[in-house]
Amino acid sequence: MVTITSVLDRKPSARLDDRARLADSIRALKQERGAVIVAHNYQAGEIQDVADFIGDSLKLAQYARTVREEIILFCGVYFMAETVVLLCPTKTVLVPDLAAGCSLADMVTAEQVRDWKAAHPAGVVVAYVNTSAAVKAECDLCCTSANGVEVIQSIPPETEILFIPDFYLGSYLKAQTKRHTMQLWKGYCPAHVAITPEGVDRLRDSYPEAEFLMHPECGCLTKSMALADRILSTDAMVHYVKQSPAQEFIIATDVGILYRMRKENPTKRFYPASDAASCQHMRRNTLDKLVQSLIHLEYRVTVDPAVAERARQPIERMLALAV
Ligand code: CIZ
């Protein structure tokens, strides 16, 4: 039987370098610790395989709210774990690697939001979930890529809207809602901007029958967006490919999601819009680090209570819209 002691006692020659044995250790340690593992749609397949629940950041936080376990090992990136802390303040939230952050979230600071608001005192600040808790604390509303249109539409017309931090998602929402009063911060996700219109064109030529699904964070805005069969969030993509009669799909988002799509739809074929669309932060989490996390109960994610109280409000306002 695998226990914390037996894993710690292993001699270097008996190190768990084999993925199946690591996965066995994680399952056993998880039980021993009374922990639950949640994994984002972008995580590596081997991490998805040991998770109790897989989803987008909001679904993961909502799932975390429903579990009885006290310890939640969150496999994704830091701002997502913070969202779980905000929504589940009594739980112990662990991440396998503290350096697994988010380049997009890092593109706006709380101080910059305060300055932007000072320059636009009538503006309503809408934060994409890809923001730190400190930034959310300065904002009025949150949104995800799944509910951005509805969140923007909930704001009275003609109100000035300051949207942070993703320029491409913001541009998409501005076009969809025709809110010309939306001002956009110029942040971007490096993994999504690695998807180019030229690369998408080549794939569409090679797989003319394939449906082309695109995430709104993609930088290849003008040309490819017009060609996309659907512009969807990660969870919406996962559900869409299941029910679509199409057998082939070109997927324009982080390559990690293809593992779940292939596993859940073994007869369908999925092509990444770019192999370079791979978030380096998501890839920091490894099975080895999950084992360490469960043994040492590290690394605990906390949010300063004063910040948490304010950061929870834009999330709760989004949830109250029930979108
Ligand atoms: O909210 C999420 O999990 C992200 C970052 C994207 C999505 O579309 O699910």
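We count residues from 1, following the sequence as given. Just follow the structure's listing: the first ligand is 1, and inside any ligand the first atom is 1. The figures here come from the full heavy-atom set of this structure, side chains too, leaving out hydrogens, waters and symmetry mates.
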Have Tyr259 and Asp49 got a donor and an acceptor in their side chains that come within less than 3.5 Å? yes

Proximal atoms of ligand 1 relative to His215 (non-hydrogen, under 4.0 Å): 6 (C), 7 (C), 8 (O)

Answer with yes or no whether the side chains of Tyr42 and Thr253 bring together a donor and an acceptor at under 3.5 Å. yes

Judged by modelled atom types alone, do Glu160 and Gln183 share a side-chain donor-acceptor pair under 3.5 Å? yes

Which atoms from ligand 1 have a heavy atom of Asp56 less than 4.0 Å away? 2 (C), 3 (O), 9 (O)

Applying the 4.5 Å side-chain criterion to the ILVMFWY set and letting contacts propagate, would Leu290 and Leu22 be lumped into a single cluster? yes

Residue pair Asp56 / Asn41, side-chain donor-acceptor N/O under 3.5 Å: no

Heavy atom of the protein closest to atom 1 (O) of ligand 1 (residue, atom name, distance): Ser57 OG, 2.8 Å

For atom 5 (C) of ligand 1, the closest protein heavy atom turns out to be Asn130 OD1, 3.4 Å

Which atoms from ligand 1 have a heavy atom of Ser145 less than 4.0 Å away? 6 (C), 7 (C), 8 (O)

Quick test: of every protein heavy atom, which one is nearest to atom 9 (O) of ligand 1, and how far off is it to 0.1 Å? Thr234 OG1, 2.5 Å

Can you confirm, on distance only, whether ligand 1 has an N/O atom lying under 3.5 Å from any N/O atom belonging to Asp235? no

Using side-chain contact (heavy atoms from CB on, under 4.5 Å) as the criterion, point out the one residue from Arg260, His239, Glu217, His215 that pairs with Thr234. His215

Heavy-atom distance under 4.5 Å between the side chains of Tyr128 and Ser145, does that happen here? yes

Ligand 1 atoms in contact with Ser233 (distance to a heavy atom under 4.0 Å): 8 (O)

Quick check on contacts: which atoms of ligand 1 are under 4.0 angstrom from a heavy atom of Val129? 1 (O)

Where ligand 1 meets His40 - atom numbers and elements under 4.0 angstrom, heavy-atom basis: 2 (C), 3 (O), 4 (C)

